[in-house]
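See below for the structure under consideration.
Order of listing sets the numbers, starting from 1, for every ligand and every atom in it. Count residues from 1 along the sequence.
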Amino acid sequence: MAISNSDSPYTFRFSKTDNIDFLIVGGQGHKVGQSNSQKEGYNKITDFAKKYFNVGNPDYRWSAQDYKSLDLIPYIGSLTSKDEKIFVATGFNKWGMSNGSFASLLLTDLILNKESKYKKIFNPSRGEIKDNIKSFVETNLNVAKELIKGKILLDEISLDDIKNDDGGIVKFNNKRVAAYKDIAGNLYLSDSTCTHLGCELEYNNADKSFDCPCHGSRFSYDGKVIEGAAKSDLKKVI
Ligand code: FES
């Protein structure tokens, strides 16, 4: 696996699946629900792959979500000091293949009550907030900004502006609504307020999902949860 040395880095590696050689290219990272055009992001990745490798259009494309801790060190260990027998491994910050393998080794030691010099470093309760107060404040200010921005009814389009097989956030009966029209023109309208903590969703024009800019929840075109933190589907409007 390799990573380009640029402001907006790309990663690339090869994979053999069902005896077919695939090139996997990643990049164009952004916060969920905070990209102006996900379609453009996919196009840039495709352009990069075509420029540097002898490949055509992609066979598959998808968005993955990466979580990172305040100090960029993963959380691996007991969930809290009170729940010592519940273990967590997260915050791999894009390095899931190596950190995931490492987590399996560390968690094995912890479950077997073996001593590990890594226990303290990766302890999920290490209390890194005081050492990373700037990052903590920035992250929470960003959530507050997105929460407020979403409540100010600004860029809504009307239902008539939505083409088939496309969607958007529209104004409907004086409310902000998540709308999607399928290829046959059937309309799906859901409440555009995230069921996690109430931020307003944004339309993802490449994956045709509704994404939350606050904590990364994602919902399908018809309002079903496809990624937490939210646990409940969006309310149907019609
Ligand atoms: S408010 Fe939407 S994910 Fe938290």
Please check: side-chain N/O of E202 versus main-chain N/O of C212, any donor-acceptor pairing under 3.5 Å?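 No, E202 side chain to C212 backbone: no donor-acceptor pair under 3.5 Å.
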Ignoring hydrogens and angles, tell me if any N or O in the side chain of D182 forms a donor-acceptor pair with the backbone of A184 under 3.5 Å.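 It does hold such a pair.
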Counting the benzene-type ring for Trp, do F53 and F12 have ring centres under 6.0 Å apart?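 Ring centroids of F53 and F12 are less than 6.0 Å from each other.
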Sum of protein N, O or S atoms, each under 2.8 Å from atom 4 (Fe) of ligand 1: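 The number of such protein atoms is 2.
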Y221 vs Y188 aromatic rings, parallel, tilted or perpendicular, using cut-offs 30° and 60°?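 Rings of Y221 and Y188: perpendicular, as their planes differ by over 60°.
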Given the rule in the salt bridge (charged side-chain N to carboxylate O under 4.0 Å, His left out) test, do R218 and D207 qualify, once you have shown the distances and angles that lead to the verdict? CA-CA 10 Å; R218 297 183 66 197; D207 298 330; 3.1 Å; yes
Can you tell me if the gamma sulfurs of C214 and C194 fall under 2.5 Å?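 Disulfide absent: SG-SG distance not under 2.5 Å.
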